[in-house]
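Below: the structure, in structure tokens.
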Amino acid sequence: MAAAGRARRGAGLSAAALLALPALALLALPALPVLPPGRGGGGEAQPGFSPPPGFSPPLLLPPGLREELRQRRRDLRRLEAAAGGGEAAGAAGLGCGDLSRATAVSVLGWGFTKVVARAVLAGGGSVALKSVHGAGREVRRCVQRYGAPAGCRRLAAYKLLKEVTLLRRLQHPGIVKLYGQCYDNSGDAELRVTAMLELGSPLEMIQLLQTPWEERFKICLSLVKLLFYLAHSPLGSIALLDFQPRQFVMVDGNLKVTDMDDASTEELSCKEDNDCTLDFPTKSFPLKCSVVGKCEGINEKKNLFNAYRYFFTYLLPHSAPPALRPLLSDILNATGDLRYGINETLRAFEKVLHLYKSGLYLQKRPLLLKDYISLKGFRTVEGEGHKCWPSYSHLGCLLSIHSAEEAAAICNSQLHCQSFIVTQHRTWTGRPLASFQSSWTDLIPDTNAVVYIKRSASSGGRL
Ligand SMILES: Nc1ncnc2c1ncn2[C@@H]1O[C@H](COP(=O)(O)OP(=O)(O)O)[C@@H](O)[C@H]1O
Ligand SMILES: [Mg+2]
């Protein structure tokens, strides 16, 4: 993953200390003057984006930059009109007043366009603050071209405004929540925008690869549900143009997209089928030009192939339950050559989930629980030196199971396993976690527990 998007945690800097960092000078959030209500930033909620007066670019800017600014402003107005004001930020939305009282600001990460900080609100809740990254690649490139830093930051601010508009209109568990925004247009060419968002933690692909299959499946399923929503969104079919793991964060174990400024609500226009090739570095897909002159389903297909290449190929197959592997490889093949659309993909994922939750995938297996003695009212001591991978706990071997019968099969397949208990803990699918042990001699009374001990292990022992 590119270092640019990686989280960098500060040690709870004060807003003033943070602003002293030159590269982050643009993160001048808490220092923003509070505008009077009605100017669009006065600490009040701003339902719908209404550009403050004097929002047009000053005449002093180079003509090329002025044209770009005009273009972005037009796109934003168009999107704003399509979004119809939105309801999400509603009356309870946060504004500049909340921002000025926020403390413990520390930088979380940045990308080409924006810098993101964590902050604590006066009420104690934590939020993510997004603003333009003045030293980021987008602004730097623009400055090289036009030599107008303030105008270039303004250009980037339009992108953030676009994101705010989209986030206000689009609401889904797979999209980071917008809590509010603050903007200040008091400077000449400057337009400072701060979005206040649900706080997440950056997605760590390496870490994810080490989590149990069920957790990785959950992430892929959340992504599929998000893409289903985007394909049928109130603003039409939306493509995430910059679709990479670093544009997502985790909130309470759930995957959410956070970077929406590169989302496109337009489908590519065409005259003939030849205008509709969907190109990726490793593959191209010829698509059809519809009678209304749009490349059919191009946004949906773009998202789906990106989900396949950045997420499914890494997260879905390895250490999956063997009986589900053929279904998973069907999903991989069908999304990898775009034979499935998002509707079929969601159906296929739900089928896998159903088979997994119901335990139907376990049918026709030899019954092994008879090889175990069950002792009610006891449990074993955790962390008996028996480790397995990928376990839900670092201390021992904790795995998700469908039933004691499946746990018996797992224990039989492990060289050192002598006993197991089925715990009260459940995974997101509702399956219990079982703890596998290499010994059974240290038993602790526990009225709610049952310990299963291998007969072969107990025969030479005390039972
Ligand atoms: N809500 C959030 N909570 C925590 N970290 C976030 C949040 N949103 C973004 N980030 C982090 O900040 C980085 C930059 O944000 P992003 O919106 O992707 O900006 P850019 O448009 O510059 O790529 C992300 O890669 C992510 O690591
Ligand atoms: Mg990004």
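Quick caveat: nothing in here was measured; it's all calculated off a predicted structure. Reckoned from all heavy atoms, side chains included, excluding hydrogens, waters and symmetry mates. Counting convention: from 1, in listed order, for ligands and their atoms alike.
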How about [X] and [Y], are their SG atoms within less than 2.5 Å of each other?
X    : Y    : answer
C270 : C276 : no
C388 : C397 : yes
C289 : C295 : no

_Exercise: identify the closest heavy-atom pair between V139 and G134_ =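 Smallest interatomic distance, heavy atoms only, reads CG1-O, 3.4 Å.
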
*Indicate the atoms forming the closest heavy-atom contact of E163 with M260, along with that distance.*
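The pair with the smallest heavy-atom distance is OE1-N, 2.8 Å.
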
Any idea which part of [X] is under 4.0 Å from ligand 1, heavy-atom wise: side chain, backbone, both or neither?
X    : answer
D261 : side chain
T113 : both
K130 : side chain

*How many N, O or S atoms of the protein are nearer than 2.8 Å to the Mg ion (ligand 2)?*
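The number of such protein atoms is 2.
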
Under 3.5 Å between some N or O of ligand 1 and some N or O of [X]?
X    : answer
E198 : yes
Q247 : yes
P202 : no

*Any chance you could lay out the salt bridge (Lys or Arg N to Asp or Glu O under 4.0 Å) test for R431 and E406, step after step, and finish with the verdict?*
CA-CA 12 Å; R431 288 160 51 103; E406 187 186 11; 3.5 Å; yes

Please list, in number order, the atoms of ligand 1 under 4.0 Å from a heavy atom of [X].
X    : answer
R246 : 24 (C), 25 (O)
G111 : 14 (C), 20 (P), 22 (O), 23 (O)
A128 : 1 (N), 2 (C), 3 (N)

_CG-CD1 distance between L170 and I175, expressed to the nearest 0.5 angstrom_ =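 Result: 5.0 Å between the selected atoms.
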
_Donor-acceptor pair between T282 and R309 side chains, under 3.5 angstrom_ =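 On atom types as modelled, these side chains do not qualify, holding no pair under 3.5 Å.
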
*Judged by modelled atom types alone, do K130 and T258 share a side-chain donor-acceptor pair under 3.5 Å?*
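Indeed, the side chains of K130 and T258 share at least one donor-acceptor pair under 3.5 Å.
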
*Check each of L108, V116, V115 against atom 15 (O) of ligand 1 and report the one with the nearest heavy atom.*
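Residue with the shortest heavy-atom distance to the ligand atom: V116.
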
_For atom 21 (O) of ligand 1, which of the options K114, K177, M196 provides the nearest non-hydrogen atom?_
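The option holding the nearest heavy atom is K114.
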
_Taking side-chain hydrogen bond (donor to acceptor under 3.5 Å, both in side chains) as the criterion, tell me which of K159, H133, R153, K114 meets it with E138._
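So, applying the side-chain hydrogen bond (donor to acceptor under 3.5 Å, both in side chains) to E138 and each of K159, H133, R153, K114, only K159 qualifies.
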
*Give the C-alpha distance, both sets of side-chain angles, the deciding distance and a yes or no for salt bridge (Lys or Arg N to Asp or Glu O under 4.0 Å) between R141 and E68.*
CA-CA 14 Å; R141 278 200 174 163; E68 280 197 47; over 6 Å; no

